[in-house]
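Please read the structure below before turning to the comments.
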Number of protein chains: 2
Amino acid sequence: MGVPRAERRRRTEARILDAARVLFAELGYERATIRGVARRAEVDPALVMQYFGSKQELFQQAVRMTPPADGELDAEGAVEHVLGSLTMKLGELPQGSLAMMRSMLTHPEAAASARQVLSRQIDRLAEAMPGDDARLRAALMTLTMLGITVGHQLLEIDELRGVPQEELARLLRPSLRALTGQEVS
Amino acid sequence: MGVPRAERRRRTEARILDAARVLFAELGYERATIRGVARRAEVDPALVMQYFGSKQELFQQAVRMTPPADGELDAEGAVEHVLGSLTMKLGELPQGSLAMMRSMLTHPEAAASARQVLSRQIDRLAEAMPGDDARLRAALMTLTMLGITVGHQLLEIDELRGVPQEELARLLRPSLRALTGQEVS
DNA sequence: GTCTATATTATGATAGAC
DNA sequence: GTCTATCATAATATAGAC
């Protein structure tokens, strides 16, 4: 084979990480096992340990994400921005995010990671919103989307099955707008 | 001691269930252990098994809840109803609910239970709302509140720490109203 | 470099002494 | 009826053969 060993290794590592993301996303941290990841990646379980050292480390690598490059937003843009996260423009919500969300309620490290991601999102939205309680309202917007995403992607609530993203966005838009604006008494 | 044995047993059982609710709520199904529950309830671990038979059964008993008695609601009442669930009128959100929510993403049975509770809530709200897509909008309202509750009670997002319930309700009300009404183009 | 075999640990569950 | 002792299982992690 003309494939250099470094390249082979890189590919194997990527296959393990993909498998890990799928299993962590489906089962959560506790129920996903090194053995299961290895089976899915078609490698030996010991190899997973060899490459990543521990289950903890494997999880961290699997859910690591590049934070979205930020630019300035106005209040209108903020709404569209969070609506856009409903489903990534093309393809699915990154598998790593699902893995993190699946575990965020039961695995302390995933919880910390989730808080960090949410916090960044809240910061970003708050900058685009007027008023003293901008951070609080930005938090509510962010958690609204978290709830929808959890219900849709993780709990797979019947009512949202197969509903096109555009329809969800259309229904949610006025609701999110109400959170950006100044008080509506 | 003048306490009849049946009464003693009943009290012990209640103490075990309380301990179980706390641990399941804090740690989730997987990380909570029979031994931990027993320690907190100050009984022998074997006694827990004696009473409940299995961890699974203990969990079911711990999260069992009496569904709220339902009466007719209008659209206005629906909003206030979901806002009321932010924090139960007095006292906290029932510990059993927290236990169920904590585990709903990683424990299949908790997930099923959560879907059922959410579905009931969605039904109830949908009846009070006009329009063809009432169920979908009711689902979005319900998931909005789920997101807020998860962020507040389970992830303990900084931005919501110590914010009085009334303020959350005030900020969320217009947003939820937007979901009840017919389309706002 | 890859895998076999195993150490270690923690759990849910059970059997039986008292 | 309550608890001691233990079984059985399954996991992460490691050591060492090949």
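In this structure, CZ of Arg15(B) is placed 11 Å from P of dT2(D), rounded to the nearest angstrom. Look at CZ on Arg39(B): it is 12 Å from C1' on dA10(C), rounded to the nearest Å. Residue Arg9(A) contributes atom CZ, which lies 12 Å from atom C1' of dT2(C) at whole-angstrom precision. A straight line from CZ of Phe52(A) to P of dT14(D) spans 16 Å, rounded to a whole angstrom. If you measure from atom CD1 of Ile16(B) to atom C1' of dT2(D), you get 12 Å, rounded to the nearest angstrom.
Taking the side chain as every heavy atom from C-beta outward, Leu140(A) and Leu168(B) approach each other to under 4.5 Å. The side-chain heavy atoms of Leu146(B) and Met101(B), taken from C-beta on, include a pair separated by under 4.5 Å.
Using a cutoff of 4.0 Å between basic side-chain nitrogens and carboxylate oxygens, Arg10(B) and Glu13(B) are not scored as salt-bridged. Ion pairing of Asp123(B) with Arg120(B) is absent here, as no side-chain N (NZ or NE/NH1/NH2) approaches a carboxylate O to less than 4.0 Å.
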Between the protein and nucleotides 11-17 of chain C, which nitrogen or oxygen pairs are less than 3.5 angstrom apart?
from, atom 1, to, atom 2, distance (Å)
dG12(C), OP1, Lys55(B), NZ, 3.1
dG12(C), OP2, Ile34(B), N, 3.3
dG12(C), N7, Arg35(B), NH1, 2.9
dA13(C), OP2, Lys55(B), N, 2.9

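For dT2(C), the OP1/OP2 oxygens have a side-chain nitrogen or oxygen of Tyr51(A) closer than 4.0 Å.
Taking a 6.0 Å sphere around CD of Glu7(A), one finds it holds more than 12 heavy atoms contributed by other residues, nucleotides or ligands.
Stacking of Lys55(B) on the aromatic ring of Phe24(B) is not recorded, the 6.0 Å distance cut-off and the 45° axial limit not both being met.
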